[in-house]
Amino acid sequence: MTLFSSCAVRLISKVTSRASHCQRSLSRSGSAARSFSAKSCDDDNWIPDVSLDTEIVHGGVTPCDATGAILTPVYLSTTFVQESVDKYLDKGYSYSRTNNPTVKVLEEKVARIENGYDAICVGTGMSATAACINAFMSTGDHCVITNCSYGGTNRICREQFQPFGMEFDFVDFTDPATVEAAIKPNTKLIFSESPTNPTLTLADLSAISEIAQKHGILHVCDSTFATPYVCRPMDHGCDLTIQSLTKYYDGLNIGTGGALIAKTPELYERIKLVQNMHGSIMSPMTAYMMLQTMKTMGLRIKQQSSSAMKIATFLESHPKVTKCVYPGLASHPQKALADKQHRNGLHGGMLWFDVEGDPIKLMDTIKRPWTLCENLGASESIITACAVMTHANMLREDRLKVGITDGFIRISVGIEDPDDLIRSLDEALNGL
């Protein structure tokens, strides 16, 4: 027996009987990585059944055994030395495209607070969306997707995946019966977003998940607007959750990132394989920063939700405002679903409104602390012209069909004093 064949036999005996070396590496490194990070909140030093607030701070993180450092180190290493061929991957890491210790801690933490099995963390939210479709759809497959979503999601389906021979039906997800009616024999994926960006319509995730399970179809939900602090899709039967970590997880306008969370080991193995093949990863430094910024997510969302409700109430009563939409308002057409599906009476920091007069003038003249820019979920309050910024890549007729008018004003409420934000809005509205 040659040295190569002898080593191969030893390696194969140490891993599961998957067909490819890549899958063996992913399986073993993923398992070892979870043992690296999963001690906190589970071992004997912790009280049992800690709350989500505590998990957001400590989940998946344990002090360094060697130094006692309370923060997860940044492992800026491309490769990891193996003790021997026989012990390849015994420590869980080989090459940072496949797994990196810092990134793995973030993935474990995200999965814990989203109530999933495991997750992949990638460079942006759009990268997570692309990974999901790449993992579970092929030429000839069909997806039922919400007719109102982040503009980039709509664009990638139309501009990249449809030319590959995939089919997408963009339908109204406010009625589960409409979703079920759109299912075809070749439907492989149901893609919801709740609340939707930017119209803040809701999908009944439990009802749609039941439909998906009845037909043997995967259900993924982009829950970026909600965050796990407001709604965890897997609590409502979803198979996969998408998060743009750039938004509320980061919360400080520092880094970009995305996550795709899987409910089962089988789904995780598939998305991990696709991630590794595509090389769609997050840098260790970004993962380190996200591990710190997300600790305050609960505090921020409580403040943002409270302020958003106060601002929405003000806007709804202002004579220059023709319409204001926020899931916490009694006037929201899906208020009952919002109260049922959203946790602890929180509805997030996003709302939108229309005005009498020129909305572009309002956005051009509004004073700080409001900031005219893209992004959302940050500590700074942001005002956005969706038709020319975040959703400019949608077909105009599709945009108008779902209510995103040329003057649609989306605001992301930060953590400033809400009275200051209201005074600035009032001044700008009165100037129209």
Side-chain angles (χ1 to χ4, degrees), residues 125-126 148-152 154-155 195-201 224-225 244 246-248 250-254 256 300 303-305 307-327 329 331 348-432:
M126 276 308 304
C148 185
S149 66
Y150 171 58
N154 181 286
R155 176 172 58 176
T196 56
N197 180 0
T199 58
L200 294 167
T201 57
T224 297
F225 266 34
S244 175
T246 311
K247 311 305 191 290
Y248 287 97
D250 176 272
L252 299 177
N253 280 317
I254 292 176
T256 64
R300 286 185 276 109
Q303 177 64 44
Q304 287 164 312
S305 295
S307 295
M309 185 64 188
K310 188 171 185 177
I311 292 168
T313 302
F314 158 77
L315 288 170
E316 192 173 46
S317 64
H318 198 285
K320 291 292 182 72
V321 175
T322 58
K323 186 174 186 178
C324 179
V325 174
Y326 179 66
L329 289 174
S331 58
M350 302 301 301
L351 59 102
W352 68 269
F353 64 102
D354 275 331
V355 296
E356 288 182 355
D358 184 3
I360 303 302
K361 179 184 177 183
L362 181 144
M363 287 183 273
D364 284 344
T365 59
I366 194 166
K367 293 180 179 178
R368 305 296 298 274
W370 290 101
T371 304
L372 177 65
C373 62
E374 296 195 36
N375 202 23
L376 61 94
S379 297
E380 297 85 2
S381 291
I382 293 170
I383 190 165
T384 302
C386 291
V388 296
M389 296 171 75
T390 58
H391 289 70
N393 46 42
M394 283 184 72
L395 298 175
R396 187 171 186 271
E397 56 267 32
D398 290 346
R399 179 166 55 75
L400 294 174
K401 193 182 300 182
V402 297
I404 308 173
T405 63
D406 292 341
F408 189 104
I409 302 172
R410 186 190 77 181
I411 61 177
S412 170
V413 179
I415 60 172
E416 305 95 338
D417 187 323
D419 291 333
D420 290 337
L421 296 169
I422 288 172
R423 284 196 297 120
S424 177
L425 280 168
D426 190 39
E427 181 179 314
L429 285 166
N430 292 333
L432 293 179

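Residue pairs satisfying the ring-ring contact (aromatic ring centres under 6.0 Å, His included) criterion with at least one member in residues 409-432, sequence neighbours excluded, are absent. Listed by first and then second residue, the salt bridge (Lys or Arg N to Asp or Glu O under 4.0 Å) pairs involving residues 348-364 amount to none (not counting sequence neighbours).
Of all the heavy atoms in Cys373 and Ile382, the pair that sits closest is O-CG2, 3.2 Å. Counting all heavy atoms, side chain and backbone alike, Ser381 lies closest to Gly414 at OG-N, 2.7 Å. Listed here is the closest heavy atom pair of Tyr326 and Ala312: CB-CB, 3.8 Å. Minimum interatomic distance between Leu362 and Ala428 (heavy atoms only, all atoms of both residues): CG-CB, 4.0 Å. Contact record, Ser149 with Asn154: OG-N, 3.8 Å, taken as the closest heavy-atom pair. Ile254 and Asp250 get closest at one heavy-atom pair: N-OD1, 3.1 Å.
Put simply, CZ on Arg410 and CE on Met363 are 11.0 Å apart, with the number rounded to the nearest 0.5 Å. Taking CE of Met350 as the reference point, atom CD of Gln304 lies at 9.5 Å (rounded to 0.5 Å). Considering OG1 of Thr313 and NE2 of His318, their distance stands at 14.0 Å, rounded to 0.5 Å. The structure places CD1 of Ile411 at 8.0 Å from CG of Leu421, a figure rounded to the nearest 0.5 Å. In this structure, CZ in Phe225 is found 8.0 Å from OG in Ser412, a value given to the nearest 0.5 Å. Taking CZ of Phe353 as the reference point, atom CD1 of Ile409 lies at 4.0 Å (rounded to 0.5 Å).
No side-chain heavy atom of Thr224 sits less than 4.5 Å from a side-chain heavy atom of Asn197. Counting only heavy atoms from C-beta outward, the side chains of Met309 and Leu351 never approach each other to under 4.5 Å. Looking at heavy atoms from C-beta onward, Ile383 lies in side-chain contact with Ile366 at the 4.5 angstrom threshold.
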Check the pair Lys401, Asp398 against side-chain contact (heavy atoms from CB on, under 4.5 Å), reporting the backbone distance first and the verdict last. CA-CA 5 Å; Lys401 193 182 300 182; Asp398 290 346; 4.1 Å; yes
Show the numbers, then the answer: is there a side-chain contact (heavy atoms from CB on, under 4.5 Å) between Thr199 and Val325? CA-CA 8 Å; Thr199 58; Val325 174; over 6 Å; no
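For the pair Lys320 (side chain) and Leu432 (backbone), a donor-acceptor distance under 3.5 Å is present. No side-chain donor-acceptor contact under 3.5 Å links Ser379 to the backbone of Ile415. Between the Ser305 side chain and the Gly348 main chain, a donor and an acceptor come within less than 3.5 Å of each other.
The pair Asp420-Arg423 meets the salt-bridge criterion, with a side-chain N (NZ, NE, NH1 or NH2) lying under 4.0 Å from an Asp/Glu carboxylate O.
Ser307 pairs by the side-chain hydrogen bond (donor to acceptor under 3.5 Å, both in side chains) definition with Gln303, not counting sequence neighbours. Annotation: side-chain contact (heavy atoms from CB on, under 4.5 Å) contacts of Thr246 (sequence neighbours excluded): Ser244, Thr256, Asn375. Under the ring pair (Phe, Tyr, Trp, His ring centres under 6.0 Å) criterion, Phe408 pairs with Trp352, not counting sequence neighbours. Qualifying side-chain hydrogen bond (donor to acceptor under 3.5 Å, both in side chains) partners for Thr365, counting only residues two or more places apart in sequence or in other chains: none.
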